[in-house]
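Order of appearance sets the numbers: ligands from 1, and atoms from 1 within every ligand. Note that the structure is a prediction, hence the values are computed from the model and not measured.
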Amino acid sequence: MKKLENTFRKLKTPFYWYDMELLTQTLDIVKEESGKHGYHIHYAVKANANKPILNKMIQYGLGADCVSGNEVLRSLEVGFSPKDIVFAGVGKTDEEINIGLENDIFAFNVESIQEMEVINELAERKNIKARIALRLNPNVEAFTHKYITTGLNENKFGINIENLDAVFSILIKLTNIELTGIHFHIGSQITDMNVYKNLCIRVNKIQELFTEKNIKLQHINLGGGLGINYNIPCEDLIPDFKTYFKIFADNLKLKPNQQVHFELGRSIVAQCGNLITKVIYLKKGTQKEFVIVDAGLTELIRPALYEAKHQIKNLSSELKEQTYDVVGPICESADVFRKDMQLPKTKRGDLLAIKSVGAYGQVMTSQYNLRNIAKAYYSDEF
Ligand code: LLP
């Protein structure tokens with residue numbers, strides 16, 4: 001990355017830099033490892049919705065996992081086939097549901113009984129049948145940050161298993177929806193592979209509840225969540241997809257002809273993104289030395305929101321390391337990228353790369369403090 005410093009000098013900071021070669025290599029592995037088991041992969045658009053990134057996913061034959069009407073529209077616009085689009089979200093509006101209905105998407109991942117009824121009603125008005133998967137809350141601990149845990153009974157996502165009987169009795173009355181699958185997503189940045197084994201065990205049990213009712217499920221969607229190495233990204237630029245998919249292959253009990261789907265976001269795109277920022281000032285406090293950069297929580301909110309620690313590299317210095325707090329310019333005390341970080345001696349004008357920002361970086365930006373919107377550049381355009 002240091003080699004790119006001259007190129008970066010010509011661009012206005014802060015900006016996002018996407019390593020498209022790494023993305024290609026990652027997708028090669030995703031395809032190879034999921035292909036071994038015949039799994040269907042939907043890319044979680046919420047992680048990064050930039051068109052060149054989405055185009056790559058299409059090139060590799062991935063489907064799209066969307067959580068808003070606009071994500072569905074963006075996916076269709078760039079060329080995902082509606083038959084490969086799933087649509088989740090606890091609060092889909094009528095307008096958003098209609099977008100899915102009008103485009104005949106693969107499935108709505110339905111998160112409540114009332115949503116099921118509304119989809120039925122809207123489909124009836126159009127005289128069509130909507131395919132749905134029930135998003136079930138399996139109550140499995142994901143051992144990740146509390147803000148990105150989704151599969152516990154206390155979380156707002158999905159339908160709790162205790163409500164399944166009610167679902168079954170309402171479902172038979174809803175003639176404009178077809179139940180085609182079940183869906184699970186228990187959280188994000190999950191690095192303990194045992195969690196997925198536990199999920200499989202739960203899913204196997206839950207499947208039996210459907211079998212008892214003689215309900216055939218065409219597909220099981222296991223969501224996303226595979227974590228990445230934020231600490232030392234260069235050691236694990238491509239997550240261990242082989243082990244990940246194998247856990248499901250070894251532990252999931254499938255019915256004949258049942259399809260398995262996944263919704264992967266972070267594990268595919270996080271490592272290919274970097275936030276390039278320039279050092280504006282150095283400032284000595286009483287106990288700390290601050291490196292003040294021109295990117296802030298407006299370009300990467302993960303440290304402020306989840307106390308996430310992204311690796312930072314100084315691209316302009318190879319001097320002896322010192323301890324710094326790397327902070328942004330925003331008027332918020334939470335606008336800190338890293339505390340007590342070892343960086344080569346840094347000076348005004350140095351370029352820093354904040355690593356692993358390809359997922360949930362650019363998509364979560366804001367214009368707080370009336371900031372300019374940072375641009376994105378792609379390595380294959382240079
Ligand atoms: N499927 C559903 C239903 C989801 O809600 C999510 C992520 C995914 C798939 C993709 O999960 P992934 O493979 O990327 O872990 N902003 C947070 C992460 C929020 C995740 C939201 N849902 C962060 O920066 O850590």
Would [X] and [Y] count as having a side-chain donor-acceptor pair, cut-off 3.5 Å?
X    : Y    : value
D294 : T13  : yes
N50  : Q362 : yes
E5   : S316 : yes

Check ligand 1 against [X] and write out every atom of the ligand that is under 4.0 Å from a heavy-atom position of the residue.
X    : value
E263 : 1 (N), 2 (C), 3 (C), 9 (C), 10 (C), 13 (O)
M364 : 16 (N)
S188 : 11 (O), 12 (P), 14 (O), 15 (O), 20 (C)
G225 : 11 (O), 12 (P), 13 (O), 15 (O)
R266 : 12 (P), 13 (O), 14 (O), 18 (C), 23 (C), 25 (O)
G224 : 9 (C), 13 (O)
A44  : 10 (C)
R135 : 3 (C)

Contact partition for [X] relative to ligand 1, non-hydrogen atoms under 4.0 Å:
X    : answer
D65  : side chain
F157 : neither
H185 : side chain
R302 : side chain

Check: [X] ring centre within less than 6.0 Å of [Y] ring centre:
X    : Y    : answer
F168 : F210 : yes
F8   : Y377 : no
F262 : F248 : yes

Kindly give the heavy-atom pair with the smallest separation between G69 and E96, and that separation in Å.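 Looking at all heavy atoms of both residues, the shortest contact is N-OE2, 2.9 Å.
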
For the 3.5 Å polar cut-off, considering only N or O atoms, please tell me whether A47 and ligand 1 meet it.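 For ligand 1, there is no N or O atom that lies under 3.5 Å from one belonging to A47.
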
For the CD atom of E32 and the CG atom of D28, what is their distance to the nearest 0.5 Å? 8.0 Å

With a 4.0 Å cut-off on heavy atoms, is A359 touching ligand 1?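 It does not; every heavy atom stays at 4.0 Å or beyond.
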
Quick check on salt bridge (Lys or Arg N to Asp or Glu O under 4.0 Å): which of K253, K213, K255 does E208 satisfy it with?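 Between E208 and the candidates, salt bridge (Lys or Arg N to Asp or Glu O under 4.0 Å) is satisfied uniquely by K255.
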
